[in-house]
There are 2 protein chains.
Amino acid sequence: MNIFHLEVLAAVAEYGTFSDAAINLEISQSAVSRAVASLEAELGVPLMTRGRFGAKLTPVGERVIGHSRKILDLKEQIDYEANLEKGLYNSRLRISSFRSAATHLLPANIARFRKQFPHVEVTLAELDPAGVEQSLREGQTDLGLIPLPRSEEFKTWEIARDEYVVLLPKSEPPPPKTLTWDDLSAYSFILFNYAECTSAVRDHWSRWGQSFDVAYVIKEDSTIVSMVAQGLGAAILPRLAALPIPAGVHVRSLPIRLNRVIGAAILASTPPAPAVRMFLDVLREQGKFAA
Amino acid sequence: MNIFHLEVLAAVAEYGTFSDAAINLEISQSAVSRAVASLEAELGVPLMTRGRFGAKLTPVGERVIGHSRKILDLKEQIDYEANLEKGLYNSRLRISSFRSAATHLLPANIARFRKQFPHVEVTLAELDPAGVEQSLREGQTDLGLIPLPRSEEFKTWEIARDEYVVLLPKSEPPPPKTLTWDDLSAYSFILFNYAECTSAVRDHWSRWGQSFDVAYVIKEDSTIVSMVAQGLGAAILPRLAALPIPAGVHVRSLPIRLNRVIGAAILASTPPAPAVRMFLDVLREQGKFAA
DNA sequence: AATTTCTATTCGCTTTCCGCATAGATATCC
DNA sequence: GGATATCTATGCGGAAAGCGAATAGAAATT
């Protein structure tokens, strides 16, 4: 059975006559006639009645055409996959990302992407968010991972949410499971001077009428985790940035939770390349599985 | 694109070599090689890698094969519809049914069935349930509509449920919306001497420790409805049997509801013919829509 | 009755598909 | 290292399928 013959059958059903179907398909009327006859011969049942009035599906033809249309849809999807592959072949995808997304979110997704599209060359640059933005503007980056929201010069998609957690040093008794603002007032804080985390934390506790002692503002997330482990203070930073968290450190949620929204971004003025669109699909599927 | 070529691709993916796929499809190895090459040429992408080790799908081949398998499934469904049509052509379906199912359930369903299968000749005989059973035994009926349950000599399917309702004559004030057994004790009853209705009703009120005056036992449902309208008593009978119910008669549920289960039946020893199976599908769909 | 419009079929040609035979490459065996 | 086995790719020739142009036949329209 030839899929084009199914397309002919569908066209006759839609246009009502062999002649009109022929015009629309840009083949001759006799080709239409023989295509339908060929299907009927192969299946052994009449799919259409026809005469001077044109052509109409028989009852069994109605049942067959439903399946035929689905076959034509699937053929379109096969063509789409082939065209996508041709469009992606020997293309590249340059990703820039701030550190914890680069470390924790991207590697597995890049692996899954490359398994489907092995001919796309993927590069990953770790930059702070301002650097990601600049690289996008300069055309050095195809897709950036940055915190949201962002200005309208970028088109963005939310990819993940990362909770700001409180890291507390080992203590007897251990800190309560659920922290209050009063519990936090006992600590000096080490804040994370990266990807707008310090300002996000200060804005958050200000919004709830709180203010806490900030003893350090540190750029290195691993350093922050070590300092907490050594009892130098408590820290508030995104969970992904804190990973891996050693056993001697307690992790708690803030009294009122704060999330960092991680987004994928391109320049709003640039239509996304096929590789970008396919990678965004992979990222979205990841979010779906994580949910 | 030729659907058989998709079948070849699927076979190679399954068996791992062109040679093994050829053996299983009962074509030559060179035909397999050219079928796969033909698909690749048409789509413009390589679907398989191959060599002395045999053949494996490429990543785009993996994506394409998913759609291809669905196309093959749909082709099977098209073949099934064609074979069904051939099997049904010039066949007949002889239905026997007790009266109210014959009057109310079957006509619309027979119409829907014949719209899909216009070459099946359908006959409908109205018989009481014992007559339906006998006609099935004698091979004069292909499918019977009878109350359930039934003996194991029949294979049955539940098709519908029909509530036994109380018909009450016009009165001032009208009878309460919800009847109690006490309410019923005020009436003489007219019972329906058809399709085991009388015994079903007597069994029901006995099961609940009740017993009521039975003034008449009548075979004609329309006569029963008239007698109630004229104030000769109350009636208990299946709702379908009572239709159409005139305005001057009140319809109420029994204090404890009773349903008649209407089933479709064939002889257990006889595999159902294609026409029977298709008609059962139509009856099941009706139940689905009614739900 | 003539004309128009629909589908079916013939003719001749092109394209596609197939099996047989074999070339070429590579893994396995001795 | 050479012989053998096993895989896929391709040439050849024939059969089958598909196509457009032309035309036959039937039925609706004018």
Side-chain angles (χ1 to χ4, degrees), chain A residues 1-58 60-62 64-65 68 71-72 75 78-79 82, chain B residues 1-58 60-62 64-65 68 71-72 75 78-79 82:
Chain A
M1 183 177 283
N2 189 315
I3 293 180
F4 181 64
H5 289 179
L6 299 177
E7 190 177 338
V8 170
L9 183 70
V12 177
E14 179 180 349
Y15 293 108
T17 74
F18 285 23
S19 308
D20 281 346
I23 291 171
N24 276 274
L25 291 170
E26 297 186 343
I27 63 175
S28 67
Q29 174 269 321
S30 61
V32 170
S33 181
R34 276 188 289 236
V36 175
S38 172
L39 285 173
E40 289 176 326
E42 179 172 345
L43 295 173
V45 295
L47 299 172
M48 311 198 100
T49 59
R50 58 262 217 186
R52 170 65 180 79
F53 57 87
K56 279 189 323 186
L57 290 165
T58 58
V60 64
E62 289 283 0
V64 163
I65 199 93
S68 300
I71 289 179
L72 295 175
K75 172 64 166 69
I78 289 177
D79 289 339
Chain B
M1 183 177 283
N2 190 316
I3 292 180
F4 181 64
H5 289 179
L6 297 178
E7 190 176 339
V8 169
L9 183 71
V12 176
E14 179 179 349
Y15 294 106
T17 74
F18 286 22
S19 306
D20 281 345
I23 291 170
N24 277 275
L25 291 168
E26 297 185 342
I27 61 175
S28 67
Q29 174 269 321
S30 62
V32 170
S33 180
R34 274 190 285 240
V36 174
S38 172
L39 285 174
E40 290 177 326
E42 180 173 343
L43 294 173
V45 294
L47 300 172
M48 310 198 102
T49 58
R50 56 262 218 187
R52 170 64 180 80
F53 57 88
K56 280 189 323 188
L57 291 166
T58 58
V60 64
E62 289 282 0
V64 163
I65 200 98
S68 300
I71 289 179
L72 295 175
K75 171 65 166 70
I78 289 177
D79 289 337

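Order of the sequence lines sets the chain letters (A, B, ...), proteins ahead of strands, with each chain counted from 1. Everything quoted here is computed from the prediction, not taken from an experiment.
Between the base of D:dC19 and the side chain of A:Ser30 there is no donor-acceptor pair shorter than 3.5 Å. A donor-acceptor contact under 3.5 angstrom links the side-chain atoms of B:Gln29 to the base of D:dA9. In this model, a side-chain donor or acceptor of A:Arg34 finds a partner on the base of D:dG20 within 3.5 Å. Under 3.5 Å, the side chain of A:Arg52 and the base of C:dT5 form at least one donor-acceptor pair of N or O atoms.
Regarding A:Glu7, its CD atom lies at a distance of 11 Å from the P atom of D:dC19, rounded to whole Å. Look at CZ on B:Phe18: it is 12 Å from P on D:dC7, rounded to the nearest Å. Regarding A:Ile23, its CD1 atom lies at a distance of 13 Å from the P atom of D:dG20, rounded to whole Å. Rounded to whole angstrom, the span from the CZ atom of B:Arg50 across to the C1' atom of D:dA9 amounts to 9 Å. Atom CD of A:Glu42 is separated from atom C1' of D:dG18 by 14 Å (rounded to the nearest Å). Taking atom OH on A:Tyr15 and atom P on C:dT5, their separation rounds to 20 Å, with Å as the unit. Note: CG (B:Leu39) to C1' (D:dA9) measures 16 Å, nearest angstrom. Remark: C1' of D:dA16 and CE of A:Met1 are 17 Å apart, rounded to the nearest angstrom.
In this structure, the separation between OG1 on A:Thr49 and CG on A:Leu57 is 8.5 Å, given to the nearest 0.5 Å. Atom CZ of A:Phe4 sits about 12.0 Å away from atom CG of A:Leu9, to the nearest 0.5 Å. Here the CD1-CD1 distance, from A:Ile3 to B:Ile71, works out to 4.5 Å after rounding to the nearest 0.5 Å.
Of the possible polar contacts, one joining the B:Glu40 side chain to the B:Leu47 backbone as a donor-acceptor pair under 3.5 Å is found.
At a threshold of 4.0 angstrom between heavy atoms, the contacts of A:Thr17 are confined to the sugar-phosphate backbone, with no base atom among them.
Across C:dA8, D:dG20, C:dG19, the shortest atom-to-atom separation from the side chain of A:Ser28 is found for D:dG20. The nucleotide whose nearest atom lies closest to any side-chain atom of B:Ile27 is, among D:dC19, C:dG19, D:dT10, C:dG19.
Comparing A:Ser38 and B:Gly54 by the nucleotide of DNA chain D that holds the closest heavy atom to each, the one mapping nearer the 5' end is B:Gly54.
Residue A:His5 places none of its side-chain N or O atoms closer than 4.0 Å to OP1 or OP2 of D:dA17.
Between B:Thr17 and B:Val12, every side-chain heavy-atom pair lies at or beyond the 4.5 Å cut-off.
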